[in-house]
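For ligands, and for the atoms within them, numbers begin at 1 and follow the listed sequence. Model, not experiment: these values are computed from the prediction.
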Amino acid sequence: MDIIRVEGGHALGGTVSVSGAKNSALKLMAATLLTCGRTTLTNVPDIADVHVMGKVLKGIGAKIDVIDEHTLEIDTSAVDSWEAPYELVAQMRASTAVMGPLLGRFGRAKIAMPGGCNLGARKIDLHILGLETLGVSFDTDHGYIHARATEGLVGSSVALDFPSVGATENLIMAAVRAKGETIIDNAACEPEITDLATMLNEMGACVRGAGTPVVTIEGVSELHPVEHRVIGDRIEAGTFLVAGALMADAAGIEVVGFNPTHLGMVLKKLELMGVSYRRCDHGVRIRRASAFEPVDIQTLPYPGFPTDMQAQVMILSALARGGSVITENIFENRFMFASELVRMGANIRIESHHAVIHGVGNLSGAQVVAPDLRGGAALVVAGLVAEGTTEVSSIHHIDRGYEHFTEKLAALGAAVARTTVPDPVEG
Ligand code: EPU
């Protein structure tokens, strides 16, 4: 099995360039289904989740040419099926993002029910309720959802109970081909939604208000293929910024290739913790903090503090001069990382959806297991500052969303390597 081995205590310096945003690229790939022809996506991250979405698209008849490591040409002319099979949805829940586009193009979709994942139950009831309002009927059998808009999609007003990212995206992608106007109230405002709306508008759609809680979509009868560049990954950027706050040398490290506005609340919390940074061209230069102040954080939909940065920032709280509380409001089961950090010497108590953290003087390297994507990356980052060696296993989680993670850290000066060791279970 592959593990990542990190030797703590090496200072970081230089510049790291983040890849395109996973959570944008996946939805943009799905959105190509709305048109017939060749769409080119640039700045696509070369990560496992993108490969899974590629398989979903190929499975329904799309042709994908890899022009270079970060450029995909997706030809949707021969798409003749509308099914996302269980083996792919089980690997990656975001496969359900094809539901909106398939409904928009064919008026039907057959999607495996995603089930829970290691972040919790992760229902899709809001996707379904919203699409029903647009005239879609749903049946389920044998673990599949059959969605049909027999009379065609009809624009309508949809108020989401919660600003779900996935539901907002599926609704926008269906509504661009509906008859008339759709208004989504309490829509998610994440930058990846704005990126999706930008590409859809380039394709000829009429989406207004993306990035705000009210999105208005005027349906159009046809969309055309375009070339579009995926925005930089704010969460990958935030992960490197935390690494810099812990271990940068006196000159600091520069994290580039993303829009710092997308990390507004994270940067604000870092500042409150005593971390100094300044914005530079296309990114942020960050210095190592001599000490971290305790700060309370709660995860919230954008522009609140992102749940996808909760684990990384918990490392700083674990080393802060005092007690902090981190409250997780988005996912019911996103504190598994905390138990692994405790194995590295952190003092963290979980009470329901709160993590109560008492800062300790230092962390010590240990063998730990990546619980999920962000928690896995955070464990590698914790290893950079821990005394001795940290070995992170189950790193397939990290491969899902971080391109060349160890190579990028090593280029900054970290003593980190991916290596294959015998599986302890198999002996
Ligand atoms: N929810 C429902 N019903 C729904 C939809 C969501 O109850 O119909 C609940 C979920 O169970 C969850 C919460 O609402 O507790 C938030 O879910 P949301 O739909 O907003 O998230 P998502 O679309 O499933 C995306 C990202 C996540 C990111 C969240 C929140 C993708 C592929 N995934 O998930 O990214 O954490 O938004 O920002 O875009 C990651 O990259 O590591 C990751 C988990």
Side-chain angles (χ1 to χ4, degrees), residues 19-31 45 47-50 52-53 56 89 91-100 111 113-133 138 145 158-173 184 186-196 213 230-231 233-239 262-263 265-266 299-312 328-337 353 370-378 397-403 405:
S19 304
K22 166 179 85 79
N23 292 345
S24 224
L26 296 173
K27 319 310 164 59
L28 299 175
M29 289 174 76
I47 51 174
D49 274 9
V50 161
V52 176
M53 185 56 91
V56 174
V89 177
Q91 268 181 61
M92 186 185 72
R93 292 177 46 88
S95 310
T96 52
V98 297
M99 182 155 61
I111 312 285
M113 286 197 280
C117 75
N118 45 4
L119 302 183
R122 294 189 77 178
K123 294 179 289 181
I124 55 164
D125 54 324
L126 299 174
H127 304 230
I128 291 175
L129 283 170
L131 289 166
E132 276 175 348
T133 316
F138 289 89
I145 300 171
V158 181
L160 292 174
D161 280 358
F162 176 86
S164 153
V165 172
T168 302
E169 291 165 337
N170 255 329
L171 280 167
I172 292 176
M173 289 191 278
I184 308 173
N186 201 23
C189 303
E190 270 67 6
E192 293 75 21
I193 291 181
T194 310
D195 198 22
L196 173 64
V230 180
I231 58 169
D233 196 313
R234 63 193 165 108
I235 306 300
E236 185 193 359
T239 306
H262 296 166
L263 271 185
M265 188 58 81
V266 173
T299 64
L300 285 169
Y302 190 85
F305 191 94
T307 174
D308 293 345
M309 281 300 297
Q310 179 248 99
Q312 300 87 316
E328 173 58 52
N329 292 312
I330 306 295
F331 290 111
E332 63 212 57
N333 189 23
R334 215 176 194 183
F335 279 144
M336 272 148 71
F337 162 77
H353 63 135
D372 54 47
L373 165 61
R374 307 300 171 187
H397 288 297
I398 303 175
D399 294 337
R400 284 188 40 218
Y402 287 84
E403 179 180 313
F405 192 48

Backbone N/O of Ala159 and side chain of Asn186: donor-acceptor pair under 3.5 Å
no
Quick check for you: to the nearest 0.5 Å, what is the distance between His397 atom NE2 and Tyr402 atom OH?
13.5 Å
Can you check whether Val89 reaches Pro114 side chain to side chain, under 4.5 Å on heavy atoms?
yes
Do Thr299 and Arg334 touch side chain to side chain, with heavy atoms closer than 4.5 Å?
no
The single option from Lys27, Arg234, His262 passing side-chain hydrogen bond (donor to acceptor under 3.5 Å, both in side chains) against Glu192:
Arg234
Check Val165, Ile235, Asp308 against Asn23 for a side-chain contact (heavy atoms from CB on, under 4.5 Å) and give me the one that passes.
Asp308
Run through ligand 1 for me and note each protein residue having a heavy atom under 4.0 Å from it, chain first, then residue number.
Lys22, Asn23, Lys27, Ala94, Leu119, Arg122, Lys123, Ile124, Asp125, Leu126, His127, Phe162, Ser164, Val165, Gly166, Glu190, Thr307, Asp308, Ile330, Phe331, Arg334, Leu373, Arg374
